[in-house]
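Below: one structure, written as structure tokens.
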Amino acid sequence: MTEEQPDEEALARAGEILKAGGLVAFPTETVYGLGGNALDPQASMKIYRAKGRPSDNPLIVHIADMESLPEIAREIPEQARLLAQKCWPGPLTMIFPKTDIVPPETTGGLDSVAVRFPGHRTARALIRAGGGFVAAPSANTSGRPSPTTAEHVEEDLGDAVDMIIDGGEVGIGIESTIVDFTEPVPVILRPGYISLEMLGEILGEIRMDPGLLREDSPVRPKAPGMKYRHYAPRAELSIVEGPTEAVVAEIRKRARTAEQKGKCVGIIATDETCGRYDCGIVKNIGSREQEETIAHHLYGVLREFDCSQVSEIYSEAFYTPKLGQAIMNRLLKAAGHKIIKVEDEENDSIGK
Ligand code: AMP
Ligand code: MG
């Protein structure tokens with residue numbers, strides 16, 4: 001079904017499944033979610049089991065109207081209301097102290113709850129049909145790239161889910177920005193489509209979780225999920241960083257050397273560079289001029305490589321102006337932070 005043409009009968013059935021404690025995968029504007037009734041501890045536990053997700057990694061509770069927020073969030077600061085006015089419904093998750101109706105199974109034992117009011121109409125219709133509070137992590141097996149199509153969900157979860165609502169390919173392609181409002185100054189726990197710059201314009205003061213800034217940071221990320229190696233493709237992925245010419249030359253050299261040894265190599269390039277590679281399996285992730293296209297294709301490209309025979313993948317870096325932080329956060333995790341830095345005299349840096 002599409003957002004414009006909902007299948008009312010299917011949505012009603014999905015709502016019944018959720019109310020009975022079952023699981024429904026559904027499209028949102030960010031990635032596909034694996035939904036269960038957020039107020040039912042058994043349903044939350046089913047979600048963890050289906051994904052193979054560590055039980056200390058809390059779930060995001062999805063709502064379909066602002067009136068639902070105070071039912072699950074105990075303190076809602078003025079700043080959060082302002083942000084909700086500007087960015088909800090949309091790809092933003094906010095964290096608040098939780099009320100007693102939210103079971104600890106849903107929040108990984110924490111006293112706080114993550115809440116999102118999605119912009120996708122099918123998602124909102126499902127949330128309403130299911131009783132108003134749907135816990136939904138990304139609908140992938142834990143550790144795999146997040147799903148951006150219903151086929152990805154089927155690939156990963158198949159029988160573990162009672163129903164998959166196919167709404168076609170999602171729009172954004174990377175997960176929501178998470179902002180923590182349980183601290184005196186709001187903190188970004190996960191970068192996403194809503195950028196630091198946009199948040200700064202709305203909120204004034206905002207911080208980045210220090211645990212996210214460096215891989216070897218002595219501080220652990222506050223969002224438990226950010227400490228795991230996520231989004232990993234099966235092949236060894238390395239990111240090559242530096243000026244454009246040097247990056248292209250380095251990837252070409254490495255791909256050729258690997259092919260001479262009989263290995264199959266994957267290359268992640270852009271509109272601007274993909275014609276420059278003459279060996280390996282080259283995937284065009286999008287255009288640096290339209291950075292949303294890179295976010296949109298990121299997980300799909302990583303999954304496509306999983307279906308091929310490649311044993312190593314080299315990706316250019318994508319430090320684009322707005323979404324670069326969110327894209328590189330995912331790509332660096334997928335690569336287990338393996339970065340190859342190259343330099344040359346020229347100044348046209350890739351992604352910098
Ligand atoms: P996913 O559901 O796969 O998009 O991941 C949700 C992310 O939100 C994970 O990184 C969680 O650790 C994080 N999260 C959810 N609830 C909380 C919370 N109450 N406090 C901090 N992080 C949270
Ligand atoms: Mg996830």
Side-chain angles (χ1 to χ4, degrees), residues 23 25-36 38 43-44 46-48 50-63 69 72-76 80 91-99 102-118 120 123 133-148 152-153 156-157 170 172-183 186-194 207-212 219-232 295 298-299 302-303 326 329-330 333-334:
L23 304 185
F26 62 100
T28 78
E29 68 274 32
T30 56
V31 299
Y32 270 75
L34 174 62
S44 288
K46 254 194 209 170
I47 294 178
Y48 286 103
K51 279 181 63 88
R53 181 174 172 112
S55 59
D56 70 341
N57 187 6
L59 308 175
I60 294 174
V61 180
H62 292 67
I63 55 175
L69 181 62
I72 53 173
R74 209 159 18 84
E75 288 156 35
I76 306 160
L92 169 78
T93 296
M94 292 195 256
I95 297 186
F96 305 103
K98 75 172 191 71
T99 63
V102 187
E105 285 79 0
T106 300
T107 63
L110 297 176
D111 282 336
S112 55
V113 62
V115 190
R116 183 156 107 81
F117 179 179
H120 199 289
F133 301 97
V134 172
S138 47
N140 52 296
T141 306
S142 227
R144 294 217 63 211
S146 296
T148 54
H152 295 163
V153 179
D156 275 19
L157 300 177
V170 301
I172 294 176
I174 54 174
E175 302 86 346
S176 59
T177 307
I178 303 182
V179 182
D180 181 11
F181 278 98
T182 66
E183 306 260 355
V187 186
I188 298 179
L189 302 190
R190 176 171 75 187
Y193 188 77
I194 312 259
R207 287 193 304 125
M208 197 75 184
D209 180 357
L212 291 183
V219 191
R220 288 209 128 194
K222 187 166 176 190
M226 299 302 278
K227 67 176 186 264
Y228 297 108
R229 181 172 177 224
H230 257 169
Y231 324 121
L298 177 66
Y299 290 135
L302 293 177
R303 275 182 185 262
N329 168 269
R330 275 77 177 172
K333 276 186 174 203

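Since this is a predicted model, take the numbers as computed values, not measurements. One-based numbering, in listed order, for ligands and for the atoms of each. Just the heavy atoms: all of them, side chains too, but no hydrogens, waters or symmetry mates, feed the values below.
Ring geometry, Phe96 versus Phe181: the interplanar angle falls under 30°, so the pair is classed parallel (tilted spans 30 to 60°).
Each of the atoms 21 (C) of ligand 1 lies under 4.0 Å from some heavy atom of Leu189. Atoms of ligand 1 lying under 4.0 Å from any heavy atom of Ser112, numbered from 1 in the order shown and given with element: 18 (C), 19 (N), 20 (N). Interface of Ile60 with ligand 1, defined as ligand atoms under 4.0 Å from a residue heavy atom, comprises 6 (C). Atoms of ligand 1 found under 4.0 Å from any heavy atom of Ile178, numbered from 1 in the order shown, are 7 (C), 8 (O), 13 (C). The contact set between ligand 1 and Leu110, taken as ligand atoms under 4.0 Å from a residue heavy atom, comprises 18 (C), 19 (N), 20 (N).
Proximity of Lys98 to ligand 1 is not established, as no heavy-atom distance is less than 4.0 Å. Not a single heavy atom of Thr107 sits under 4.0 Å from any atom of ligand 1.
Residues Ile178 and Ile188 fail the side-chain proximity criterion, which asks for heavy atoms closer than 4.5 Å. Counting only heavy atoms from C-beta outward, the side chains of His152 and Arg144 never approach each other to under 4.5 Å. When side chains are defined from C-beta on, Leu69 counts as touching Ile76, because their heavy atoms get closer than 4.5 Å.
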Are Thr28 and Arg116 close enough, and set up right, to give a side-chain hydrogen bond (donor to acceptor under 3.5 Å, both in side chains), and what steps lead you there? CA-CA 11 Å; Thr28 78; Arg116 183 156 107 81; 3.1 Å; yes
Start with the C-alpha gap between Ser146 and Glu175, add the side-chain angles, then the distance that decides, and say whether side-chain hydrogen bond (donor to acceptor under 3.5 Å, both in side chains) holds. CA-CA 8 Å; Ser146 296; Glu175 302 86 346; 2.5 Å; yes
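Thr93 and Arg190 share no side-chain donor-acceptor pair at under 3.5 Å. For the 3.5 Å distance criterion, the side chains of Thr182 and Lys98 fail to qualify, holding no donor opposite an acceptor.
Between Pro224 and ligand 1, an N or O atom pair is found at a separation short of 3.5 Å. Considering backbone and side-chain atoms together, Ser138 places an N or O closer than 3.5 Å to an N or O of ligand 1.
Closest heavy-atom approach to atom 5 (O) of ligand 1 within the set Met226, Glu175, Arg190: this belongs to Arg190.
Backbone or side-chain N, O or S atoms of Ser138 reach the Mg ion (ligand 2) at under 2.8 Å.
Under 4.0 Å from ligand 1, not a single heavy atom of Asp180 appears.
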